[in-house]
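Along the sequence shown, the residues carry numbers beginning at 1.
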Amino acid sequence: QVQLVESGGGLVQAGGSLRLSCAASGRSFSASDMGWFRQAPGKEREFVAASRYSGGTVYADSVKGRFTISRDNAKKNVYLQMNSLKPEDTAVYHCAARWGSSSDPRDNYVYWGQGTQVTVSS
């Protein structure tokens with residue numbers, strides 16, 4: 001059974017930084033695609049960033065140049081370094097995992113964490 005546990009959220013002023021972590025267990029982490037998604041109140045969940053098992057990364061245009069996704073396969077963790085945060089980045093951030101898919105890394109995730117709240121004040 002796959003479990004994903006996020007941490008690192010909090011309250012930060014605009015222009016600040018946060019680093020989110022997601023600890024995974026239950027399946028071969030190195031073989032997984034890992035993604036970060038977010039959902040703001042009253043809005044649909046949206047893709048933020050993905051780390052392919054092959055090493056590639058993908059970002060949403062809204063975070064490109066400000067956010068960096070990385071992973072540590074030995075620790076089974078994926079991270080999201082968020083810099084130059086804006087109030088519109090406020091949301092619950094979820095990590096997600098999938099295995100064995102060659103489809104668009106922005107979609108088709110099967111396993112989800114409970115999320116961590118990120119609030120950016122202006």
Distance, nearest 0.5 Å, that separates CD of Q117 from CG of L11: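 The distance works out to 9.5 Å.
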4.5 Å side-chain heavy-atom contact, [X] and [Y]:
X: M34; Y: F29; result: yes
X: Y53; Y: N73; result: no
X: T68; Y: L80; result: no
X: L20; Y: V118; result: yes
X: Y79; Y: S70; result: yes
X: S103; Y: R98; result: yes

Where the side chain of [X] meets the backbone of [Y], is there a donor-acceptor pair that is under 3.5 Å apart?
X: D104; Y: D107; value: no
X: Y93; Y: E6; value: no
X: Q81; Y: R19; value: no
X: T90; Y: V120; value: yes
X: R27; Y: Q3; value: no

Evaluate whether atom [atom1] of [X] has more than 12 neighbouring non-hydrogen atoms of other residues, nucleotides or ligands under 6.0 angstrom away.
X: R66; atom1: CZ; value: yes
X: Q114; atom1: CD; value: no
X: K43; atom1: NZ; value: no

Just checking, any donor-acceptor pair under 3.5 angstrom between side chains of [X] and [Y]?
X: N108; Y: S101; result: no
X: S21; Y: N77; result: no
X: R71; Y: S30; result: no

Let's go through K86 and D89 carefully: what are the C-alpha distance in whole Å and the side-chain angles of both, what is the deciding distance for salt bridge (charged side-chain N to carboxylate O under 4.0 Å, His left out) to 0.1 Å, and is it a yes or a no? CA-CA 5 Å; K86 303 175 182 179; D89 294 318; over 6 Å; no
All salt bridge (Lys or Arg N to Asp or Glu O under 4.0 Å) counterparts of E46, not counting sequence neighbours: R38
Nearest heavy-atom neighbours spanning [X] and [Y]:
X: A14; Y: S122; value: CB-CA, 4.3 Å
X: A91; Y: A40; value: CB-N, 3.8 Å
X: A24; Y: L4; value: CB-CD2, 3.6 Å
X: S17; Y: S84; value: OG-N, 4.4 Å

Holding to ring-ring contact (aromatic ring centres under 6.0 Å, His included), I want the full list of residues that pass it with F37, two or more places apart in sequence or in another chain. F47, Y109, W112
Keeping to residues at least two apart or across chains, list the disulfide (SG to SG under 2.5 Å) pairs with something in residues 5-85.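 Of all non-adjacent pairs touching residues 5-85, those that pass disulfide (SG to SG under 2.5 Å) are C22-C95.
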ILVMFWY network linking V92 to M82, side-chain heavy atoms under 4.5 angstrom: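 Different clusters.
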Take V48 and F67, measure what side chain to side chain contact (heavy atoms under 4.5 Å, CB included) needs, and give me the verdict at the end. CA-CA 9 Å; V48 175; F67 291 10; 3.7 Å; yes
Identified side-chain contact (heavy atoms from CB on, under 4.5 Å) counterpart of S51 within the set D33, V58, I69: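 Testing S51 for a side-chain contact (heavy atoms from CB on, under 4.5 Å) against D33, V58, I69 leaves exactly one candidate, I69.
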If you take the centroid of each ring, where Trp contributes its six-membered ring, are W99 and Y111 closer together than 6.0 Å? yes
